[in-house]
2 protein chains.
Amino acid sequence: MADASASTSPSLRAAGMRQTPQREGILQVLRDSDRPLTVEEIWERMPERRSGLPTVYRNLERFVREGWAESILGADQIMRFVRCESRHHHHHLQCEHCGRTVEVDACGLDESLRHLEALSGFKITRHQLQLFGLCATCRSEKDR
Amino acid sequence: MADASASTSPSLRAAGMRQTPQREGILQVLRDSDRPLTVEEIWERMPERRSGLPTVYRNLERFVREGWAESILGADQIMRFVRCESRHHHHHLQCEHCGRTVEVDACGLDESLRHLEALSGFKITRHQLQLFGLCATCRSEKDR
DNA sequence: TTTGTTGCAAAGGGTTTGCAGGAGA
DNA sequence: TCTCCTGCAAACCCTTTGCAACAAA
């Protein structure tokens, strides 16, 4: 119990950042949400004394650079942020009905990409994949 | 030769839109470019008497809805538009060196998606894939 | 004490809107 | 002629910046 608060975000200092309540708040909000949030939504959910919006922007940018979060542009053209559980290559699968988003570790595109390389002459170095569908819960609701 | 101009954009009227020089200009600029362009770039390239920027925005939005173009948000967070040659499901593969973009008709993700469905419990209904790499020309330049 | 962070307010800049005039059909 | 479309200017709104005060370390 000696150092409980420090253990909640060991990564901040490891990444050379100062550990501030604002940063911990933002990370906490991202951790607590099961779907992507807009900057303003994150800001509204921050504990007690809200920080300034610029602070949220500044830190979000940094977290994305650090690989701790990812920005997603939805079909509504609004930018939202999700926490990345894995810092390795992964994709997000979002339910179009309830918004819940899960992280997909398996990529499984390697073979398809090699095929495309042969077809196009390109050397594919990077890709972005966003998946949308209906989660198990919403599917069963719909079936009723 | 009787009706050459009309045959260049038969789709406008077929889609219930009036055939205006501004619309034809925008479509022409998109057709002439082998890479995604910003709204302002499209505007600058429009023949002679430039239209107003709002007109470009309004029509681009409509063309995207019609499936004739697609908006792409690059790593630089700038929105660009590409013409879609095919109105069926496809993806874009962009060279990170020269910007040239080709359309990839083959998707080849079906099997991977079915696997993900089994893993996640989701029913996947839609996906967006953006591919980046080095085109054949830029590869050989690099090899020299 | 040093230096990174925050908050505020203001600036910025891409995008949208309202409306009157203009042009397809 | 009847609408739809365009152009202009202004409004919008999300995001960024400058700077002084503050607080981690």
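No experiment lies behind these values; they were computed from the predicted model shown. Residue numbers begin at 1 in each chain, while the letters A, B, ... track the order of the sequences.
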*With respect to the phosphate group of dG4(C), does any side-chain polar atom (N or O) of Thr20(A) fall under 4.0 Å of OP1 or OP2?*
no
*Any donor-acceptor pair under 3.5 Å between the side chain of Arg18(B) and the base of dC5(D)?*
no
_Can you classify the ring geometry of His89(A) versus His127(A) as parallel (below 30°), tilted (30 to 60°) or perpendicular (above 60°)?_
perpendicular
*asked:* If I take atom CD in residue Gln77(B) and atom P in nucleotide dC14(D), what distance separates them, rounded to the nearest angstrom?
replied: 16 Å
_Tell me the interatomic distance from Trp43(B), atom CH2, to dC8(D), atom C1', rounded to whole angstroms._
12 Å
*Show your reasoning for whether side-chain hydrogen bond (donor to acceptor under 3.5 Å, both in side chains) applies to Glu24(B) and Gln19(B).*
CA-CA 7 Å; Glu24(B) 298 198 316; Gln19(B) 185 170 330; 2.8 Å; yes
*Compare the minimum distances between each of dT15(D), dT5(C), dT15(C) and the side chain of Arg62(A), then state the nucleotide with the smallest one.*
dT5(C)
*In whole angstrom, give the distance that lies between atom CZ of Arg50(A) and atom P of dC8(C).*
12 Å
_Whole angstrom value for the distance that separates P of dA23(D) from CD of Glu24(A)_ = 16 Å
*Rounded to the nearest Å, what distance is computed from the CG atom of residue Leu73(B) to the C1' atom of nucleotide dT15(C)?*
14 Å
*Could you work out which one of dT6(D), dA25(C), dT6(C) sits closest to the side chain of Asn59(A)?*
dT6(C)
*Rounded off to whole Å, could you give me the CD-to-C1' distance for the Gln19(A) and dT5(C) pair?*
14 Å
_Any Gln22(B) side-chain N or O less than 4.0 Å from OP1/OP2 of dG7(D)_ = yes
*Quick one: on DNA chain D, does Thr55(B) or Met17(A) contact a more 5' nucleotide (nearest heavy atom)?*
Thr55(B)
*What is the distance from CG of Leu53(A) to C1' of dC13(D), rounded to the nearest Å?*
12 Å
*Output yes when Glu61(A) and Arg65(A) qualify as a salt bridge under the 4.0 Å nitrogen-oxygen rule, no when they do not.*
yes
*So, is Ser51(A) near the phosphate of dT6(C), with a side-chain N or O under 4.0 Å from OP1 or OP2?*
no
_Rounded interatomic separation in angstrom, taking CD1 from Ile26(B) and P from dG7(D)_ = 9 Å
*Please report the C-alpha distance between Glu70(A) and Phe63(A) in whole Å, then the side-chain angles of each, then the deciding distance to 0.1 Å, and finally whether the side-chain contact (heavy atoms from CB on, under 4.5 Å) criterion is met.*
CA-CA 8 Å; Glu70(A) 196 177 300; Phe63(A) 295 163; over 6 Å; no
_I want to verify a distance call: between dT5(C), dT15(D), dG24(C), whose nearest atom is closest to the Tyr57(A) side chain?_
dT15(D)
_Distance below 4.0 Å between Arg58(B) side-chain N/O and dT6(D) OP1 or OP2_ = no
*Please report the C-alpha distance between Thr101(B) and Leu93(B) in whole Å, then the side-chain angles of each, then the deciding distance to 0.1 Å, and finally whether the side-chain contact (heavy atoms from CB on, under 4.5 Å) criterion is met.*
CA-CA 6 Å; Thr101(B) 299; Leu93(B) 171 48; over 6 Å; no
*Taking the side chain of Pro54(A) as heavy atoms from C-beta outward, which of dA9(C), dT15(C), dT6(C) is closest to it?*
dA9(C)
